[in-house]
Amino acid sequence: MIDLKDLREHPDKYRKGARLKNVAVDIDAVLQMDEKRSAAMREFETLRAQQNKASGEIARLKDPAEKKAAVARMQSLKQQVQAAQEQSREAESRLEPLLLSIPQPPDDDVPVGKDAADNLVMYRWGEPRQFAFTPRSHAELAQKHQLIDSDRGVRLAGSRSYFLVGKGAELHNAVLRLAMDLMTRQHGFTAINVPVLVRESAMRGTGFFPAGREQAYRVGEEHEAEDDVRFLTGTAEVGLTAFHMDEVLDEADLPRKYTAVSTCFRREAGTYGKDTAGVYRVHQFDKCEQVVICRNDVDESKQWHKTMLGYSEQLLQKLELPYRVIQCCTGDIGVKNAAMFDIETWMPSRFDGRDDASGYGETHSASRLYEFQARRLNLRYKDASGKIHFCHTLNNTVVASPRILIPILENYQNDDGSITVPQALQPYLGGCERIG
RNA sequence: GGAGAGGUGGCAGAGUGGUUGAAUGCGCCGGUUUCGAAAACCGGUUAACCGCAAGGUUACGGGAGUUCGAAUCUCCCCCUCUCCGCCA
C-alpha cells in the first residue's frame with residue numbers, strides 16, 4: 001500500500017513508478033476518486049457533528065413536551081446523515097481497490113529496464129566447473145540414483161510434482177537444516193514455524209494480492225463464504241512478515257529477525273511447457289526464508305538488504321556453488337518491491353555451451369519493501385518520543401529445495417556418475433561422503 | 001460433529017439507551033521525596049482521519065437494523081475458550 005498523502009502531493013512519482021514497472025494504473029482516476037471521497041466524508045462529518053450536538057441537548061432537556069418537539073425536529077437530519085454516510089462509504093469502497101493496485105515506485109538506484117533481460121549482473125563468486133567428461137543433468141543423475149521420482153509424483157499429483165527418495169530426501173532436509181542453523185546460530189534470527197494456510201487478508205497485507213492472485217492455490221468449496229476461504233502461501237514471507245500484523249512494536253525491539261522453513265505452493269500459471277524437465281519449476285517445494293522488520297529508515301533498509309544478501313551468499317559459499325548476483329531492473333521487481341537482488345547459481349545442464357549467462361539459474365530473491373507491506377499489514381512501532389511509524393520489511397531466500405539440488409547434483413557429479421556430498425552437508429547425512 | 005461460555009484501552013476488568021472514548025486496578029512515562037533507589041503521593045498515558053489552529057469525525061470482534069441518540073436493544077456472521085466425540 002502506498003501513502004495516499006504522498007500520492008496527492010507527488011502523483012508524478014507514482015505515474016513514473018508504474019510506467020517503469022510496466023504496470024498499467026490510472027493515477028488520475030485514483031486522485032479523482034480520492035477527491036470525491038474527501039468531499040463526501042467532510043459532508044458526512046459536518047452533518048454528524050450537528051446530530052451529535054443536538055443529541056446532547058436532547059439528553060439535557062427535562063420537560064417531556066420540549067423533548068418530544070426536539071426529537072421530532074431531528075427526523076429530517078437523520079435522513080441527511082444516513083444519505084451522506086452512504087455516499088462516503090461508497091466512495092471509500094471504490095477507492096480502496098484502486099489504491100491496492102498502485103505499485104511501489106522503484107528506488108532511484110534500480111536500473112531501468114523492461115524485463116529480466118535488462119537485469120544487471122553485479123558480480124560473481126566462484127568459477128563454473130570445467131568438466132573433463134560429458135556432465136549429466138540433475139534429472140539424469142536423480143534417476144540413476146533414485147533420488148527424485150517424477151513419474152510417480154505426476155501419477156499422484158499431476159504435472160510438476162515429484163517424490164524425493166532416499167538420499168534425495170536426505171539432501172533436501174540437509175540443506176534446509178544447514179540454512180536454518182546458519183540463520184539462527186550464526187546470525188541470531190529467531191526460528192519460527194508459520195501457517196501456510198492463511199486468510200486473504202494476510203495475502204493482501206503482504207502484497208501478494210490482488211496482483212498475483214492467480215499464483216496462489218485457493219482452499220475451500222465454491223459455496224463457502226468468503227471468510228472461510230484460505231490460501232496456500234507461496235513463501236514463508238507471508239507468515240513471517242504478517243506475524244506482527246496490526247501490532248505496534250517498540251522501537252527498542254527492532255530489528256526483528258525471523259527465519260522459517262515452510263512448504264511453498266505455487267500454481268505457476270502461465271508457464272506451461274517452461275522448465276518441465278526435473279525439479280526447477282514445481283508446484284510444491286520447501287524453502288528457508290529470512291525476514292527482517294526494521295525501523296522506518298531508508299539507509300537502514302538498504303543496509304539490511306545487503307546484509308541479508310550476504311547471508312544467502314554465505315550459504316552458497318558453504319556449499320561451494322558458483323553463483324552470480326543480479327540487480328533486477330525496474331520491469332522485473334514486481335509491484336511491491338522498491339528494489340530486488342537475485343542470486344543465480346551455476347547449473348551446468350542449463351549452460352548452452354556458449355554464453356555463461358545461460359548456465360545461471362535463479363535460486364534466491366532478496367526484496368526491499370520499505371513500508372509498503374507494513375502499511376497494508378498495519379505493522380507499526382513506537383519510537384522513543386512516543387511517535388508511531390510504519391516499519392520497514394525485507395525478505396530473502398536462504399535456500400529453496402529441491403531447486404538447490406540441481407546445482408548440488410550437477411556440480412558435484414563425478415565421471416562415474418556418482419555424486420560427492422558437499423562437505424557442509426555431510427554431517428546432516430550421517431557423515432555420508434558420496435552417493436553412488 | 002454435539003453442548004456451553006465469552007469477545008471492551010498494553011493487560012486485568014467495570015459498564016445494559018443519553019455530557020462514557022469509556023470507572024477501577026496493574027503496567028508504562030513524568031514529577032515530588034531520597035545521597036541513590038524502593039515505597040508513598042501528584043500528574044500523564046488508545047488510535048486513525050480532517051483542520052494552520054480551535055476543534056471535529058470514526059472505532060468497545062465484524063456487518064446489518066431499531067432509535068433524535070447504541071459499548072448497552074434486535075438479527076446475521078467471525079473468532080476465542082471449556083466439555084464430549086473424532087483425529088495427526
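The figures here come from the full heavy-atom set of this structure, side chains too, leaving out hydrogens, waters and symmetry mates. Everything quoted here is computed from the prediction, not taken from an experiment. Chain A is the first sequence line, chain B the second, and so forth, proteins listed ahead of strands; every chain is numbered from 1.
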Novice: For nucleotides B/U72 and B/G7, find the distance between their P atoms and express it as a whole number of Å.
Specialist: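 Each nucleotide's P atom is 12 Å from the other's.
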Novice: Could you give the distance separating B/G30 and B/A37 at their P atoms, to the nearest angstrom?
Specialist: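 Nearest-Å result for B/A37 against B/G30 at atom P: 12 Å.
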Novice: Looking at residues at least two apart in the chain, or sitting in another chain, which of them share a side chain to side chain contact (heavy atoms under 4.5 Å, CB included) with A/V194?
Specialist: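 For A/V194 the side chain to side chain contact (heavy atoms under 4.5 Å, CB included) partners, ignoring immediate neighbours, are A/I192, A/A236, A/L240, A/A260, A/S262.
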Novice: Between A/N396 and A/Q290 (side chain of the first, backbone of the second, donor and acceptor by atom type, cut-off under 3.5 Å), is there such a pair?
Specialist: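 No, because the side chain of A/N396 does not come within donor-acceptor range (under 3.5 Å) of the backbone of A/Q290.
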Novice: Give one of base, sugar-phosphate or nothing for A/R8, where a contact means two heavy atoms less than 4.0 Å apart.
Specialist: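 Sugar-phosphate, no base atom in range.
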Novice: Once rounded to the nearest 0.5 Å, what's the spacing between atom CD1 of A/I326 and atom OG of A/S365?
Specialist: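 Here the rounded value is 11.0 Å.
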Novice: Distance between the P atoms of B/G62 and B/U80, in whole angstroms?
Specialist: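 Those two atoms are separated by 16 Å.
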Novice: Can you tell me how far C1' in B/G56 sits from the matching atom in B/U33, rounded to whole Å?
Specialist: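 Nearest-Å result for B/G56 against B/U33 at atom C1': 42 Å.
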Novice: Tell me: CZ of A/R89 to P of B/G62, nearest whole Å?
Specialist: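 Rounded to whole Å, this separation is 13 Å.
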Novice: What salt bridge (charged side-chain N to carboxylate O under 4.0 Å, His left out) pairs are there with at least one residue in residues 284-296 of chain A, not counting sequence neighbours?
Specialist: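 Listed by first then second residue: A/E251-A/R295, A/K287-A/E289, A/R295-A/D297, A/R295-A/E300.
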Novice: Are A/R368 and A/D109 within salt-bridge range, i.e. N to O under 4.0 Å?
Specialist: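 Here A/R368 pairs with A/D109 in a salt bridge, since their nearest N and O are under 4.0 Å apart.
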Novice: Closer to the 5' end of RNA chain B via nearest nucleotide, is it A/Q51 or A/A59?
Specialist: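 The residue closer to the strand's 5' end, by nearest nucleotide, is A/A59.
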Novice: Measure from CD on A/Q82 to P on B/G65 and round the result to the nearest Å.
Specialist: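 From A/Q82 CD to B/G65 P: 8 Å.
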Novice: Among all residues two or more places apart in sequence or in another chain, which pass the ring-ring contact (aromatic ring centres under 6.0 Å, His included) test with A/Y162?
Specialist: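 Checked A/Y162 against ring-ring contact (aromatic ring centres under 6.0 Å, His included); zero matches.
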Novice: Give the rounded distance in Å between these two atoms: CG of A/D6 and P of B/C49.
Specialist: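 Those two atoms, CG and P, are 14 Å apart.
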Novice: Going by heavy atoms closer than 4.0 Å, what residues in residues 70-81 of chain A are next to RNA chain B?
Specialist: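 Within this stretch, A/V71, A/M74, A/Q75, A/K78 sit under 4.0 Å of the strand.
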Novice: When the P atoms of B/A48 and B/C42 are considered, how many whole Å apart are they?
Specialist: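 B/A48 and B/C42 have their P atoms separated by 31 Å.
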Novice: Across all strands shown, which nucleotide pairs with B/C73 by Watson-Crick or G-U wobble geometry, both distances under 3.5 Å?
Specialist: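 Partner of B/C73: B/G65.
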Novice: Hunt down the Watson-Crick or G-U wobble partner of B/G51, both distances under 3.5 Å, from any strand shown, or write none.
Specialist: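 The answer is none; no pair meets the criterion.
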Novice: Using the six-membered ring of A/F341, assess whether NZ or CZ of A/K306 lies under 6.0 Å from its centre and within 45 degrees of the ring axis.
Specialist: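 Verdict for A/F341: no cation-pi partner in A/K306.
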Novice: Can you sort out the partners of A/E92 under salt bridge (charged side-chain N to carboxylate O under 4.0 Å, His left out), two or more places apart, ordered by chain and number?
Specialist: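 With sequence neighbours excluded, A/E92 shows a salt bridge (charged side-chain N to carboxylate O under 4.0 Å, His left out) to A/R37, given in chain and number order.
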Novice: Find the partner of B/A14: check Watson-Crick (N1-N3 plus N6-O4 or O6-N4) and G-U wobble (N1-O2, O6-N3) distances, both under 3.5 Å, and reply none if neither fits.
Specialist: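 WC or wobble partner does not exist here.
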Novice: Counting only Watson-Crick or G-U wobble pairs whose two distances fall under 3.5 Å, which nucleotide matches B/A3?
Specialist: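 Base-paired to B/U82.
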Novice: By nearest heavy atom, map A/K67 and A/I58 onto RNA chain B; which one lands nearer the 5' end?
Specialist: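 Per heavy-atom nearest nucleotide, the more 5' residue is A/K67.
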Novice: Going by the rule salt bridge (charged side-chain N to carboxylate O under 4.0 Å, His left out), which residues pair with A/D108 if we only count those two or more places apart in sequence or in a different chain?
Specialist: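 Result, salt bridge (charged side-chain N to carboxylate O under 4.0 Å, His left out) vs A/D108: none returned.
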Novice: Show me the pairs that pass ring pair (Phe, Tyr, Trp, His ring centres under 6.0 Å) and involve residues 168-192 of chain A, at least two apart or across chains.
Specialist: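 The answer is A/H187-A/Y311, A/F189-A/Y311.
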Novice: If a pair satisfies ring pair (Phe, Tyr, Trp, His ring centres under 6.0 Å) and one of its residues is in residues 8-50 of chain A, list it, with sequence neighbours excluded.
Specialist: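 For residues 8-50 of chain A: none.
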Novice: A/R15: what forms a salt bridge (charged side-chain N to carboxylate O under 4.0 Å, His left out) with it, not counting sequence neighbours?
Specialist: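 Per chain and number, A/R15 pairs via salt bridge (charged side-chain N to carboxylate O under 4.0 Å, His left out) with A/D12, A/D28.
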Novice: Hunt down the Watson-Crick or G-U wobble partner of B/U33, both distances under 3.5 Å, from any strand shown, or write none.
Specialist: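 Pair assignment: B/U33 / none.
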Novice: Checking A/H138 now: which residues fulfil side-chain hydrogen bond (donor to acceptor under 3.5 Å, both in side chains) with it, not counting sequence neighbours?
Specialist: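 With sequence neighbours excluded, A/H138 shows a side-chain hydrogen bond (donor to acceptor under 3.5 Å, both in side chains) to A/E410, given in chain and number order.
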Novice: Using a heavy-atom cut-off of 4.0 Å across all strands, would you classify A/K5 as base, sugar-phosphate, or nothing?
Specialist: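 Counting heavy atoms under 4.0 Å across all strands, the contact made by A/K5 is with sugar-phosphate only.
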Novice: If the P atom of B/A47 is compared with that of B/G9, how far apart are they to the nearest Å?
Specialist: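 To the nearest whole Å, 13 Å.
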Novice: Which nucleotide, if any, forms a Watson-Crick or G-U wobble pair with B/U45, using both distances under 3.5 Å?
Specialist: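 Its partner is B/G27.
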Novice: For B/U45 and B/G25, measure between their C1' atoms and round to the nearest Å.
Specialist: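 B/U45 and B/G25 have their C1' atoms separated by 15 Å.
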Novice: Quantified in whole Å, what is the C1' atom distance between nucleotide B/U82 and nucleotide B/C68?
Specialist: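 These two C1' atoms come out 43 Å apart once rounded.
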Novice: Do any N or O atoms of the protein come closer than 3.5 Å to N or O atoms of nucleotides 56-60 of chain B, and which pairs are they?
Specialist:
| residue | atom | partner | partner atom | Å |
| --- | --- | --- | --- | --- |
| B/G56 | N2 | A/E45 | OE1 | 3.4 |
| B/U57 | OP1 | A/N52 | ND2 | 2.9 |
| B/U58 | OP1 | A/R48 | NE | 2.5 |
| B/U58 | OP2 | A/N52 | ND2 | 3.4 |

Novice: One character per nucleotide, please: for nucleotides 43-48 of chain B, 5' to 3', B when the base has a protein heavy atom closer than 4.0 Å, S when only the sugar-phosphate does, - otherwise.
Specialist: ----SS
Novice: What is the base-pairing partner of B/G21, counting Watson-Crick and G-U wobble geometry with both distances under 3.5 Å?
Specialist: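 Base partner found: none.
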